[in-house]
Amino acid sequence: MSAPTSPQPPEAVVQAVPGIAAPGRLRTTFRALQHRNFQLFFGGQLISLTGTWMQTIAQAWLVYHKTGSSLELGKVGFFGQFPVFLLAPLGGMLADRMDRRRLVVGTQVASMILAFLLAALTLSHTVQVWHLFVLSALLGVVNAVDIPARQSFLSDMVGREDLMNAIALNSSMFNGARIVGPAVAGLVVARIGEGWCFFTNGASYIAVIIGLLKMRVHCPRRSGELSPFESLREGFLFVNRTVPIRALLLLLGLVSLVCMPYTVLMPIFADRILHGGPKALGTLMGATGIGAMFGALTLASRTGVRGLGRWVAVSAGMLGCFLIAFSFSRMQWLSTLLLLPVGFFMMLEMSSSNTLIQSMTPDSLRGRVMAVYSMMFMGMAPFGALFGGAIADRLGAPVTVAIGGVAAILGALVFARYLPLIRAEGRKLIVAQENLAGEATN
């Protein structure tokens, strides 16, 4: 369990805004922010992730501007995320053996260095497409360690009782940044170029590093008796034999594989289909972020996990439906509106899956299970980006996105069919982990 974190009254979360009271539902939605450590993490990450989204949009536009190829966009996405699929188990093992806070500090410093290097290459007008491939791959290696470490670190900051809320607020922060970052990036790219987006991202890491260093958090010593190979095997065996977790991860992997390519192809929609350029790209990505933020806040308002399995199935199916509708749109205002529910249902599916998986996972295995989650969430996306880019080169971006939407609907139907069979086992696992947490505090 985490050490005391000097919680502040829930009212402090909203009293910074004059004239606004703190109703009970608002206290419930933001309850994880009572923990000082999570406050520091939340504030630093909000700034840093805004910079990250600026870099993501600027990098996609830079590749498209230099090549005009959907396949090259897919390749950059592949190089940036494939290391997560390949190396996330190693990151999860490290998260279960090391001080998670120090591990996250290290990954943030490495990410900052890579962002400044990309900024230097771009501002000096020496950047080449192969530079983007290499730097994306190196950032992917960093993320392979960072994602499972950061996800498992949430429990150290807030404890098990507020973990679901922390996951949801973490997701809302990520998508709040996705609203601001792309919009700012679109303006910056149009006026002064991509390089300053990369520089801003590098500078933004300073905020999260300071927040991490100011934390007073206890990361308990975890067992390191098993060899690295045995430790990795233990994590995979747990996931494989735990039917509810396995089912959630398979659906998550499918959604990432067939639905996430729409983000890689967004420059093509913004330019060739909607004829809006970088500003339209920022608007479209921002709309996805707004929808996703509302999805995360919807989850944050919940106080229990009951019914989340049904949310996962419905969200995956609705995501597919709205992606199909988006693929047929040829008007920017309509495309923007359709991306709101796309972001909403994508976030509900992924965050609900994350919450259920962490609720069923013992803390000693959390890093390794979150590594498999990372492989499905981020690690399948590069294959989708590569295949999506190749298909879009032949059939066009709209057809590619529509095919992904149909696949997501089929996956949701299969998951919904087997949901009654896995729900009972899932409840037993959650109760078992709650009992263990209660014993640990006595």
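The shown structure was predicted, so the numbers you read here are calculated from the model rather than taken from an experiment. Numbers here are sequence positions counted from 1.
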Just by distance, do the side chain of Ser301 and the backbone of Thr298 share a donor-acceptor pair under 3.5 Å? yes

Scanning both residues in full, the closest heavy-atom pair of Trp61 with Glu194 reads CD1-OE2, 3.6 Å

Margin query: Is it the case that the side chain of Gln39 and the backbone of Leu33 share a donor-acceptor pair, with hydrogens and angles ignored and the cut-off at 3.5 Å?
Written below: yes

>> Go through it in stages, so that I can follow the logic: the residues are Leu62 and Val129, the test is side-chain contact (heavy atoms from CB on, under 4.5 Å), and I'd like the CA-CA distance, side-chain angles, deciding distance and then a yes or no.
In response: CA-CA 9 Å; Leu62 182 60; Val129 174; over 6 Å; no

Open item on the list: Do Ile422 and Phe415 have side chains that approach each other closer than 4.5 Å (heavy atoms only, starting at C-beta)?
Closed with: yes

Inset, instruction - Spell out, as yes or no, whether a donor-acceptor pair under 3.5 Å connects the side chain of Asp96 to the backbone of Arg368. - result: yes

When rounded to the nearest 0.5 Å, the distance separating OG of Ser327 from CG of Leu265 is 11.5 Å

Between the CG atom in Leu135 and the CG atom in Leu139, the distance rounded to the nearest 0.5 Å is 8.5 Å

Original post:
For the residue pair Phe82 and Phe383, does the interplanar ring angle fall in the parallel (under 30°), tilted (30 to 60°) or perpendicular (over 60°) class?
Top reply: perpendicular

Contacts satisfying salt bridge (charged side-chain N to carboxylate O under 4.0 Å, His left out) that involve residues 121-148 (not counting sequence neighbours) are Asp146-Arg150

When you measure from the side chain of Ser204 to the backbone of Asn201, do you find a donor-acceptor pair of N or O atoms at a distance under 3.5 Å? yes

Residues pairing under salt bridge (charged side-chain N to carboxylate O under 4.0 Å, His left out) where one sits in residues 236-256, two or more places apart or in two chains, turn out to be none

- Taking the side chain as C-beta and beyond, is there a heavy-atom pair between Met380 and Leu252 under 4.5 Å? no

(Q) Is a donor from one side chain sitting under 3.5 angstrom from an acceptor on the other, for Ser136 and Gln59? (A) yes

Margin query: Quick check against the 3.5 Å criterion: does Thr242 have a side-chain atom that pairs as donor or acceptor with the backbone of Val239?
Written below: no

OH of Tyr262 to OG1 of Thr288, rounded to nearest 0.5 Å, is 3.5 Å

Contacts of Phe116 meeting ring pair (Phe, Tyr, Trp, His ring centres under 6.0 Å) (sequence neighbours excluded), chain-then-number -> Phe199

So, the side chain of Thr107 versus the backbone of Val104: is there a donor-acceptor pair under 3.5 Å, distance only?
-> yes

Interatomic distance, CG@Leu249 vs CG@Leu254, rounded to 0.5 Å, equals 12.5 Å

Item to complete: State, with a plain yes or no, whether a side-chain heavy atom of Pro341 is found less than 4.5 Å away from one of Met318.
Response: no

All heavy atoms of Cys259 vs all of Gly404, minimum pair found to be SG-O, 4.1 Å

_Quick check: do Met215 and Phe153 have side-chain heavy atoms less than 4.5 Å from each other?_
yes

Between Ile268 and Ala397 the two heavy atoms that sit nearest each other are CG2-CB, 4.1 Å

Exercise. Can you check side-chain contact (heavy atoms from CB on, under 4.5 Å) on Glu234 and Leu365, steps first, answer last?
Worked result: CA-CA 8 Å; Glu234 183 184 30; Leu365 287 164; 3.9 Å; yes

Please check: side-chain N/O of Arg101 versus main-chain N/O of Leu212, any donor-acceptor pairing under 3.5 Å?
yes

Contacts satisfying salt bridge (charged side-chain N to carboxylate O under 4.0 Å, His left out) that involve residues 106-118 (not counting sequence neighbours) are none

Problem - Donor-acceptor under 3.5 Å (Thr52 side chain, Ser48 main chain) - result: yes

Note: Met93 and Leu232 closest approach over all heavy atoms is CB-CD2, 3.9 Å

Is the backbone of Gly253 close enough, under 3.5 Å, to the side chain of Ser256 for a donor and an acceptor to pair up by distance?
-> no

Smallest heavy-atom separation, Arg100 atom then Gly367 atom, equals NH2-N, 4.1 Å

Exercise. Given Leu251 and Glu349, is the side-chain contact (heavy atoms from CB on, under 4.5 Å) satisfied, shown in steps?
Worked result: CA-CA 9 Å; Leu251 180 60; Glu349 196 276 333; 3.9 Å; yes

For Gly320 and Ala408 the tightest heavy-atom approach is CA-CB, 4.0 Å

Contacts of Asn354 meeting side-chain hydrogen bond (donor to acceptor under 3.5 Å, both in side chains) (sequence neighbours excluded), chain-then-number -> Gln151, Gln358

* Taking the side chain as C-beta and beyond, is there a heavy-atom pair between Met266 and Tyr64 under 4.5 Å? -> no

Sequence neighbours excluded, the answer for side-chain hydrogen bond (donor to acceptor under 3.5 Å, both in side chains) partners of Ser352 is none

Kindly determine whether Phe38 and Leu154 satisfy side-chain contact (heavy atoms from CB on, under 4.5 Å), including the steps that lead there.
CA-CA 8 Å; Phe38 190 71; Leu154 290 174; 3.8 Å; yes

Value for CG (Leu103) from CZ (Arg97), rounded to nearest 0.5 Å, stands at 13.0 Å

* **Sub-4.5 Å side-chain heavy-atom contact between Ser335 and Phe269** => no

**Q.** Pairwise side-chain contact, Gln55 with Cys197, heavy-atom cut-off 4.5 Å (strictly under)
**A.** no

Side-chain heavy atoms of Ile357 within contact of Met370, under 4.5 Å: yes

dist Thr200:OG1 -> Met54:CE (nearest 0.5 Å) comes out at 4.5 Å

Check: Is it true that atom CZ of Phe133 has more than 12 heavy atoms of other residues, nucleotides or ligands lying nearer than 6.0 Å?
Finding: yes

Are the side chain of Thr263 and the backbone of Met260 linked by a donor-acceptor contact shorter than 3.5 Å? yes

